[in-house]
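Below, read A as the first sequence line, B as the second, and so on, with proteins coming before strands; counting in each chain starts at 1. Note that the coordinates shown come from a computational prediction; the quantities given were computed from them, not determined experimentally.
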Protein chains: 2
Amino acid sequence: MSLPRMSKPLKVEEAEPKGVDFLPGLAVDTVIFGFHLNQLKILLLEYRNTGLMALPGGFVRNTENLNDAARRILAERTGLQDIYLEQFYVFGDLTRHDPAPMRAIMQAKGHMPDDDHWLLSRFVSVGYYALVDFTKAIPIPDELSDSCGWYDLAALPPLMQDHTAIVQKALATLQADLDRKLIGFNLLSETFTMADLQSLYETILGQPLHRSGFQRKILGLGIVERLEKQYSGGAHKAPYLYRFVPNK
Amino acid sequence: MSLPRMSKPLKVEEAEPKGVDFLPGLAVDTVIFGFHLNQLKILLLEYRNTGLMALPGGFVRNTENLNDAARRILAERTGLQDIYLEQFYVFGDLTRHDPAPMRAIMQAKGHMPDDDHWLLSRFVSVGYYALVDFTKAIPIPDELSDSCGWYDLAALPPLMQDHTAIVQKALATLQADLDRKLIGFNLLSETFTMADLQSLYETILGQPLHRSGFQRKILGLGIVERLEKQYSGGAHKAPYLYRFVPNK
DNA sequence: TATTATTGTATCATATTGTTACAATAGTAA
DNA sequence: TTACTATTGTAACAATATGATACAATAATA
């Protein structure tokens, strides 16, 4: 969650948003997966002058669809455009309500909110996840954040509120959806080797796969086309590059 | 969605709820599946003196967990207790906002709400589904409803707001989850024949299954135990009864 | 006792998956 | 040039799963 940016008519100096512009009590948090050097990564923000790490999140405007809000929030907070986001769970336990981090964030911005300030109230948060090409998705922190960057999923820092649990739930959903949807390809570059793809699957599932069967399975699905060979400089046979063909 | 019942200190006559007791803008709608005579059924309410048909739904108290609210709402509106509900989607499009049905419901109760009444504002609704034993789940309408009963999923009446779309999404989720979870058994009685179970699967999936392979598959999973034979009076071999064994 | 409808399971064919093996490289080093 | 190494693509076989058919074993009924 975040202090949302205002729409254009307001200046940055008035960055304290009016609660009346947003659906009260409803938030969106996004878990953005990337893949690099055989590791799953997620995007985290660091709230300015607080050391608080959080998922990119925000609030839903009165005038926008929920799913559109998720895309806007991701774009505003990380700079990532046109990312397909998928709902995976709604987090609505009372135990997730903890006004302390939000108060710290507001105080770091020079605000001293009353106890009944709308940003300190209970929020139900809709979780979304997305898969992006690590090499192309260059995150840009918004004005609320000291940084916005990739963190190894296997070694996350402590996160604000219940965000660690949100990440775990997103990963579980990703694992369950891996076979049914053509998820993996969004995490790789335009072209990739079969070893790249297998490594991705193994990393998501957390278990090794048989190389021969994996290749046979993927090729049998008819969802990749073979391109030229990749001469990478290694002392071994050069692997083919593949490309995902979506229209099948 | 509904006008929620108040907690005990208030009398039925004061049934107009105070918005301040609930999370504003957030609703829960439930799709309760049953199975009877080879047909999938769902529970629908009919709002009193309006003819409006709706899913059992309601609002989330400030003091309860979201998932607990779903169970409470189902119990209050239909009388069904201790039902395991599962989230399946959040409906948050602007197009679903239509104050007309809610105004009609309130007027039928003798209220004349202002245009800015909280119940007439936009709501984001969390969809939950559940599977219940048709023979044991006897729905009881609440005081808001003329009736609460089972309707054939294949021939639903027109529903309020976007509830038809909510039902469709719930069914799609049920179909997708059928193999991964042991869903079907909640829809049958304690004991059932293999033909009962196969019919259920065929109805949910909307396609016929091969009898031999189905039996082999289910028995191979080790999730049912065979009981005595069922002498049903038909002029044919008596089928065995089976029971679901959850601890496997 | 024959007939009928249904059930449980065997059987075979086919498809899928698990596993091993091996030829084909692309570099490196002798 | 010629081994040598690591990796890749795929064949080959086994094991398992699935699709389809067949058939014996009933419970009632006529």
Legend entry - Separation of atom CG in A/L221 from atom P in C/dA15, rounded to whole Å: 17 Å

Legend entry - B/R226 side chain near C/dT9 phosphate (N/O to OP1/OP2, under 4.0 Å): yes

Legend entry - Distance in angstrom units between B/L219 CG and C/dT9 P, rounded: 7 Å

Inset, instruction - Indicate yes or no for a side-chain donor-acceptor contact from B/R96 to the backbone of B/Q161 under 3.5 Å, with no hydrogens or angles considered. - result: no

Legend entry - B/N65 (side chain) donor-acceptor with A/L94 (main chain) under 3.5 angstrom: yes

Inset, instruction - State whether the side chain of A/T173 and the backbone N or O of A/K169 hold a donor-acceptor pair below 3.5 Å, judged by distance alone. - result: yes

Legend entry - Between D/dT8 (P) and A/L227 (CG): distance, integer Å: 16 Å

Inset, instruction - Using a cut-off of strictly less than 4.0 Å between a heavy atom of the residue and any atom of DNA chain C, enumerate the qualifying residues of residues 210-218 of chain B by number. - result: B/R211, B/S212, B/Q215, B/R216

Inset, instruction - Would you mind reading off the distance between A/Y231 atom OH and C/dA24 atom P, rounded to a whole angstrom? - result: 16 Å

Inset, instruction - Mark yes or no for whether A/E202, through its side chain, and A/L209, through its backbone, hold a donor-acceptor pair below 3.5 Å. - result: yes

Inset, instruction - Could you label the plane-to-plane angle of the B/H36 and B/F134 rings as parallel, tilted or perpendicular, counting under 30° as parallel and over 60° as perpendicular? - result: parallel

Legend entry - Rounded (10°) bend between the five-pair end axes of the helix from C/dT1-D/dA30 to C/dA30-D/dT1: 20°

Inset, instruction - Using only side-chain N and O atoms of B/K229, determine if any of them is under 4.0 Å from OP1 or OP2 of C/dT7. - result: no

Inset, instruction - Check the distance between C/dG8's P and B/E228's CD and give it to me in whole angstrom. - result: 13 Å

Inset, instruction - Would you confirm whether B/Q198, through its side chain, and B/F214, through its main-chain N or O, come within 3.5 Å as a donor-acceptor pair? - result: no

Legend entry - Side-chain donor or acceptor of A/D152 paired with backbone N/O of A/A154 under 3.5 Å: yes

Legend entry - Nearest-Å distance for atom pair OH/C1', residues B/Y240 and C/dT9: 11 Å

Inset, instruction - Examine distances only and state if a side-chain atom of B/D142 and a backbone atom of B/L144 form a donor-acceptor pair shorter than 3.5 Å. - result: yes

For nucleotides 5-7 of chain D, tabulate all protein N/O to nucleotide N/O atom pairs closer than 3.5 Å, reporting atom names and distance.
from  : atom 1 : to     : atom 2 : distance (Å)
D/dT5 : O2     : A/A235 : O      : 3.2
D/dA6 : N3     : A/A235 : O      : 3.3

Inset, instruction - Report yes or no: does B/Q215 contribute a side-chain atom to a donor-acceptor pair with the main-chain N or O of B/M194 at less than 3.5 Å? - result: no

Legend entry - Axial cation check for A/Y240 ring with A/R226, 6.0 Å and 45° limits: yes

Legend entry - Sugar-phosphate, base or nothing in reach of B/L209, heavy atoms under 4.0 Å: nothing

Legend entry - Parallel, tilted or perpendicular, as decided by the 30° and 60° cut-offs, for the rings of B/F33 and B/Y129: perpendicular

